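This one's a predicted model, so the numbers in the text were calculated from it and none came from an experiment. Residue numbers start from 1 in every chain, and the chains themselves are labelled A, B, ... in the order their sequence lines are given, proteins ahead of strands.
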Amino acid sequence: MSNLNKHAKLCERFRAASRHAQHLFATMPQRTTAQAYERGNAVQLSGSSPDASAFPQLIKSLGCHAVTVHAHVLKLGFMSDRYIRNAVLCYYAKYGPFLCALSLFDEMSDRGIVDWNSMLSGFWKWSSKEDACKVFDEMPERNVVSWTVMVSGLARAGELEEARRVFELMPERSVVSWNAVLSGYVKNGLPDECLFLFNKMMNSSVRPNETSWVTVISACASKGDLQLARTLVQQLEESQVNLNFYVKTALIDMYAKCGCLEKASEMFATMKDRNSVTWNTMISAYIREGDIQTARKLFNRMHAKDVISWNTMISGYVQHGQWTRAIELFKEMWLLNNMKPDEFTMSSVIAACGHLGILEFGRSVVDYIAENRIPLSLSGYNSLIFFYSRCGSLEEGKKIFEEMPKRDVFSYNSLISGLAANGNGYEVLKLLKKMKNDGIEPDAITYIGILTALSHSGQLDEGFRVFAMIKTPTVDHYACMVDLLGRAGRLDEARSLISEMSVKPHSGVFGALLNASRIHKRVDLGEFAAKELFELEPENSGNYILLSNIYASNRRWKEVEKLRKMMRERGVLKTVGSSWLEFRGKIHRFVSGDQSHYRLDDIYKVLEDLGKRMRTMGYIADRSCVLRDVEDEEKEEMVRAHSEKLAVGFGLLVLEGGTVIRVVKNLRICEDCHVFIKMVSKLEKRVIMVRDNNRFHSFKDGKCSCNDYW
DNA sequence: CTAGGGTTAG
C-alpha cells in the first residue's frame, strides 16, 4: 500500500514534469532533444538485456518498466532535476534492474545523501549484507535515514542482534528507526521483544505513531493474548493516536486472533472504507474459528477479491477437510475469474489433491506451475511431496525431495509418512539418518511416521531402538509401539506396555490393540481393548465390527449376535462411506444407496465383467456397487439417511497411467473388499496400488507387498 | 520536494 502511495506521488511528479516538458520541448535546442532520444533508446536497450528475466517486476502504477520511465525522463530533458533523477534511481533500486541503478549512480557527479540512501536500500534488496555494509562505510555522510536503512536491512535478513546493536549505536533515532526494529522482531517471530522495546519507546523522547501501533498490535495478534490486547487498546485510547486504516485493520486481526471474534466483526461493521485487506482479515478470522460458511458468505459478498482472498478461502477449505470444495473454488478462480494463481494457491491445491488422491488432476496443476514458472516456496515443495506420497507415487515424491533447494522438518515428515504408508521401513531409517546429518531435528510427527513404517514392515527391534530416541514420547508414540508389538504377535507385551505407559492411553492405543487382536484372533485382549473403546468412543461402529470379527473368526456366533444386539440398542449406525473418483478432471462422488450417476450403466458393465471373471475363479462378486454423483451436501444427507442400513467398504485402485478407480461395495466387512482387490491383481496380471486407511499396498499376482496386513 | 517503518494467506 505504501508503495502504491509512493507510486502515485511519483506519477504525479512525472505528470507535472510532463506538463512542463510540453513547453520546454518546443523551446529546447534540436541537438539536445536528439541526444535525449538517443540516450533514452540506448538505455532502453541496455536496460532490457541484462538479466531481464531475473527482474520481471513491472511498475504497476505507471504501467511501464523503470527503463521506460528513465527514457521518458531523458527525452524530456529532466535528468538535470536532481529530484526527478533520484526518483528514477529509486525506481531502479526498488524494482530493478539494479544494474541500471548502479550505472546511473556511477555517472552522477553530484551525488546527494538521498541518492546514497536510495542506493543503500537497493544494495540490501538486490545484493548482499556485505555489499550494503561496504556502501554504508564508503558514504561521504550519513543521516538518520541511512542508519535506519541499515537497521531494517539487518532486521529483514533476520540478523536481529546486529540490527539491535546498530540501532543502539545510532546518533539519533526517529520514529521510523524505532518502527524498523519493532517490525523486525515481529516479522522474525519475536513479539515479546517487540513489546519490550515498545515500552522502552514509550519512555523515550520519541512518540509512537500509527505505524508503531500497527506493529505492536500485530505483535499482540501473533501472541493471541487477549489480556494484553485489552491493555494495548487502553493505552492506544490514552495516546490519542488517530485510528487510521492500518491501525483499524490490525485491531480487527488482533481481536480475531485473541479469540474475540464478536469484537472484530463489530469493528469490521463500523469501518467505512474497507478494502480487500480488511475483508481478507475477517474471512480468515472466520476460517480460524472453523466457521467456513460465514467466511464463504463474506467471500461471496466481496467485490474486489484479490489473490489473497481466493487463497484464504481455498486454504480454509483444505484446512477443514473440504478438499473437493477447495478444488472447485480453485477452478472458479482460475477458469471463471481469470485470477492468476500464485504459489500459495498452488500449495493449497496440491495439498487438496493429495488428500483426495487425485493424481491426474494434481499432475495438471503441476504442469500449470511449470508452464507459468510459478516459483514454489519450501511449503509448496512440501505439499508436492505430500501429494505424490498420498497418491502412492513415491518415486516422484522422492524426486521432488531430492531436487528441492532446501528441506525442513515438514519435507522429511511428508516423505517419511509416505514411505510409512507403503510400509517401507528401510528407507525411512535412512531418511532419519540423513535428516540428522542435515542438522534437522526430528519432531513428534517424524517419529510417528518412522514407527508406523517399522510397524508395517515388521521391524520390531528397530522400532524399540527408535522409540528409545524419543525424549518425551506422546500417547501417539505409545500407540505406534502397541501397534508394532501387536502386529508382530507379541500382544501380551503390548498389553503390559499400555498399563506401564507414562501417559493416559487414548482410543488410538486401544484401537491398535484391538486391531492386533483381530489379526491374531485373540478374543481375550480384543474384549479388553473393545471394552475401553466402547467407553471412549461409543459411537464408533468400527470397534464393534472389529470385535465381532474376532468372535466370528473364533466361531463364537453367540457373541457376534450379542454384539449386533448391543449396536442396535445403543443406536450405533454403521458409517456410510462416500467415495469419489477422478475422471478427466472431474471429481465424481459416490454414496451407497443411489443409482443416479449418469454413466451408471457403463460402471455396472465394468463391475459385472470383473465379477464374472471373479466367479470363474471361485469367488462371488457383490454387484451392489451403488453409485451416485452427489453435488451438494443436502442431497448427500438425504442419501445418507436412506442408506444408513448399509455398511460400505470401499477400496481404491490405481491403475497404470495413474487412473484412480475407487470401488464402492455393499459389503459387510472390509476384508471382502480386499479379497476382491487381490483377485483383480491376479486377473489383470499387473501391480495394483490400493489405499486403505491411508496406507498404500501394492498387489502383485494376488499377493500384498506387506505380509502382515491380512 | 527526493531516501527509511505498517495490516491480510501458509
Check: B:dA3 base within 3.5 Å donor-acceptor of A:N143 side chain: yes

CD of A:E141 versus C1' of B:dG4: gap in Å, rounded? 16 Å

Inspect the contact between A:D110 and A:R85 and indicate whether a charged nitrogen and a carboxylate oxygen are less than 4.0 angstrom apart. yes

How many Å lie between CG on A:L120 and C1' on B:dT2, as a whole number? 16 Å

Round to the nearest Å and state the distance from A:Q319 atom CD to B:dA9 atom P. 10 Å

So what does A:S174 touch, heavy atoms closer than 4.0 Å: a base, only the sugar-phosphate, or nothing? base

May I ask you to say what A:T345 touches in the nucleic acid, namely base, sugar-phosphate or nothing, with a heavy-atom cut-off under 4.0 Å? nothing

Spacing of A:M170 atom CE relative to B:dG5 atom P, expressed in whole Å: 12 Å

Assess whether a salt bridge exists between A:K129 and A:E162, defined as any Lys/Arg side-chain N lying under 4.0 Å from an Asp/Glu carboxylate O. yes

Is it true that A:E396 and A:R363 make a salt bridge, defined as a side-chain N closer than 4.0 Å to a carboxylate O? yes

Within 6.0 angstrom of A:E168 CD, more than 12 heavy atoms from elsewhere: yes

Spacing of A:F198 atom CZ and A:N179 atom CG [to the nearest 0.5 Å]: 9.5 Å

So, with a heavy-atom separation below 4.0 Å from DNA chain B, the residues of residues 247-267 of chain A are A:T249, A:D253, A:K257

Closest listed nucleotide, where the reference is the side chain of A:V277 and the choices are B:dA3, B:dT7, B:dG4: B:dT7

With a cut-off of less than 4.0 Å, is there a side-chain N or O of A:K94 near OP1 or OP2 of B:dG4? yes

Go through A:S212 and A:N209 one step at a time and tell me if the side-chain hydrogen bond (donor to acceptor under 3.5 Å, both in side chains) criterion holds. CA-CA 5 Å; A:S212 328; A:N209 65 1; 2.9 Å; yes

Measure from CZ on A:F136 to C1' on B:dA3 and round the result to the nearest Å. 14 Å

Under 4.0 angstrom between A:R288 side-chain N/O and B:dA9 OP1 or OP2: yes

Remember a base hit wins even if backbone is also touched, and classify A:S347 as base, sugar-phosphate or nothing at under 4.0 Å, heavy atoms. nothing

Write down the distance between CH2 (A:W116) and C1' (B:dG4), rounded to a whole number of angstrom. 17 Å

For B:dA9 and A:S315 - does any side-chain N or O of the residue sit under 4.0 Å from the phosphate oxygens OP1/OP2? no

Separation of atom CZ in A:F123 from atom C1' in B:dA3, rounded to whole Å: 15 Å

Looking at the side chain of A:N179, which of B:dG4, B:dT2, B:dG5 is the nearest nucleotide? B:dG5

Could you check how far CG of A:N209 sits from P of B:dT7, rounded to whole Å? 13 Å

Tell me if the side-chain of A:S212 makes a donor-acceptor pair with the base of B:dG5, cut-off 3.5 Å, by modelled atom types. no

Picking from B:dT7, B:dA3, B:dA9, the nucleotide nearest the side-chain atoms of A:K187 would be B:dT7

Between B:dG4, B:dT7, B:dG5, which one does the side chain of A:S218 approach most closely? B:dT7

From the set B:dT7, B:dG4, B:dA9, return the single nucleotide nearest to any side-chain atom of A:T312. B:dA9

Any idea which of B:dG6, B:dA3, B:dA9 is nearest the A:R156 side chain? B:dG6

Among A:W310, A:Y286, A:Y317, find the one that has a ring-ring contact (aromatic ring centres under 6.0 Å, His included) with A:F299. A:W310

Regarding the side chain of A:T281, the nearest nucleotide among B:dG4, B:dT8, B:dT7 is B:dT8

Atom CD of A:E138 with >12 non-hydrogen neighbours under 6.0 angstrom: yes

Counting side-chain heavy atoms from CB outward, which of B:dT7, B:dT8, B:dA3 is closest to A:I308? B:dT8

Looking at residues at least two apart in the chain, or sitting in another chain, which of them share a side chain to side chain donor-acceptor pair (under 3.5 Å) with A:Y185? A:R164

B:dT2, B:dG4, B:dG6: which one has an atom nearest the side-chain heavy atoms of A:Y83? B:dT2

Among B:dG6, B:dA9, B:dG5, which nucleotide has an atom closest to any side-chain atom of A:N244? B:dG6

